[in-house]
Amino acid sequence: MKNCYAQFKYLLAVYELSKGDKKVKNVDIAKRLDVSRPSVSKTLRCLSKNGFVDDDFSNEVVLTESGKAVGKELFNNYRYALLFFRKVLKLDDEQADEQALTFIATFPEATVERLSQTMKNTIERQRAIRHAKQDQ
């Protein structure tokens with residue numbers, strides 16, 4: 001998906017707020033991202049043109065099938081990057097969030113996929129080690 005940082009951020013927010021299927025109010029997106037409603041409308045227009053949200057987003061936002069698929073992929077990559085930046089690199093929550101978004105929005109898609117899998121494996125290994133230590 002070749003879009004700008006803001007579109008990734010908004011699509012991710014809509015996906016998270018909608019849990020994939022529910023309608024989302026523009027005001028909730030604005031609150032979540034701490035932006036103005038006109039900013040939400042502007043970016044939703046771009047997401048609509050790219051086929052990620054339904055055209056009628058004046059009151060409520062609904063993800064298209066494409067939006068759900070891309071949102072799910074973004075969410076999974078973001079989640080592992082966020083955990084990696086928090087748990088492995090020990091960044092604070094704000095830095096980890098910003099870095100995870102920057103990572104998924106700016107790196108080439110193939111690189112994001114490969115590094116996300118590596119981060120997932122690293123996090124799972126750390127969990128297994130912690131559980132093994134707790135069981136002793």
Side-chain angles (χ1 to χ4, degrees):
M1 178 174 128
K2 294 292 180 213
N3 292 298
C4 69
Y5 176 85
Q7 288 181 35
F8 276 99
K9 190 173 180 176
Y10 279 75
L11 183 57
L12 186 60
V14 172
Y15 181 81
E16 287 179 298
L17 289 168
S18 74
K19 307 283 190 250
D21 289 325
K22 295 189 311 187
K23 295 178 180 180
V24 178
K25 295 183 184 281
N26 293 358
V27 67
D28 293 332
I29 299 167
K31 285 179 186 176
R32 174 67 159 264
L33 298 175
D34 194 26
V35 296
S36 67
R37 289 188 65 193
S39 176
V40 171
S41 294
K42 179 181 176 184
T43 304
L44 288 176
R45 258 191 300 291
C46 294
L47 291 175
S48 175
K49 286 178 187 175
N50 288 326
F52 298 126
V53 299
D54 285 342
D55 291 340
D56 184 17
F57 54 81
S58 56
N59 292 317
E60 295 179 319
V61 180
V62 177
L63 291 170
T64 62
E65 288 306 313
S66 177
K68 289 176 190 177
V70 172
K72 182 178 181 179
E73 181 181 337
L74 281 174
F75 178 75
N76 288 332
N77 290 337
Y78 168 77
R79 191 181 79 194
Y80 285 116
L82 185 64
L83 284 172
F84 183 83
F85 291 136
R86 281 182 184 159
K87 304 287 184 187
V88 177
L89 300 183
K90 307 291 187 204
L91 298 179
D92 66 40
D93 289 348
E94 188 176 319
Q95 287 178 317
D97 178 62
E98 182 181 319
Q99 293 298 316
L101 282 169
T102 300
F103 166 68
I104 64 171
T106 59
F107 275 62
E109 223 172 300
T111 303
V112 170
E113 290 300 320
R114 290 176 70 187
L115 285 175
S116 291
Q117 188 60 49
T118 300
M119 288 185 278
K120 177 182 177 183
N121 293 341
T122 301
I123 291 165
E124 288 174 357
R125 272 194 308 274
Q126 284 187 338
R127 284 182 182 154
I129 291 168
R130 275 197 305 273
H131 288 311
K133 286 180 180 178
Q134 289 174 353
D135 290 342
Q136 292 178 351

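Counting begins at 1 with the first residue of the sequence. All values reported here derive from a predicted model rather than from experimental measurement. Worth knowing before you read on, the calculation uses all heavy atoms, side chains too, and leaves out hydrogens, waters and symmetry mates.
- The structure places NZ of K68 at 11.5 Å from NZ of K72, a figure rounded to the nearest 0.5 Å.
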Practice prompt. Starting from the C-alpha separation in whole Å, work towards a yes-or-no answer on side-chain contact (heavy atoms from CB on, under 4.5 Å) for R45 and F57.
Written response: CA-CA 8 Å; R45 258 191 300 291; F57 54 81; 3.5 Å; yes

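- In the hydrophobic cluster analysis, where Ile, Leu, Val, Met, Phe, Trp and Tyr join through side-chain heavy atoms closer than 4.5 angstrom, L12 is grouped apart from V62.
- Following chains of ILVMFWY side-chain contacts shorter than 4.5 Å, one can reach F107 starting from F85, so the two form part of one hydrophobic cluster.
- Side-chain atoms of S48 do not come within 3.5 Å of backbone N or O of L44 as any donor-acceptor pair.
- Checking each of D92, L82, L91 against D97 for a side chain to side chain contact (heavy atoms under 4.5 Å, CB included) leaves exactly one that passes, namely L82.
- With rounding to the nearest 0.5 angstrom, the CD1 atom of I29 is 10.0 Å from the CG atom of L11.
- The aromatic rings of Y15 and F75 sit tilted, their planes meeting at an angle between 30° and 60°.
- To the nearest 0.5 Å, the span separating NZ on K87 from OG1 on T122 amounts to 14.5 Å.
- Summarising the geometry, atom OG1 belonging to T102 is positioned 11.5 Å from atom CD belonging to Q95; distances are rounded to the nearest 0.5 Å.
- With hydrophobic clusters built from ILVMFWY side chains whose heavy atoms lie under 4.5 angstrom apart, L83 does not share a cluster with I129.
- A 4.5 Å side-chain heavy-atom check between R37 and S41 finds every atom pair outside the cut-off.
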Steps toward salt bridge (Lys or Arg N to Asp or Glu O under 4.0 Å) verdict (E124, R127)
CA-CA 5 Å; E124 288 174 357; R127 284 182 182 154; 5.7 Å; no

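- At a threshold of 4.5 Å between side-chain heavy atoms, the hydrophobic network of Ile, Leu, Val, Met, Phe, Trp and Tyr places V27 and V14 in two separate groups.
- Interatomic distance, K31 NZ to L17 CG, rounded to the nearest 0.5 Å: 11.0 Å.
- In this structure a side-chain-to-backbone donor-acceptor pair under 3.5 Å is missing from D54 to T64.
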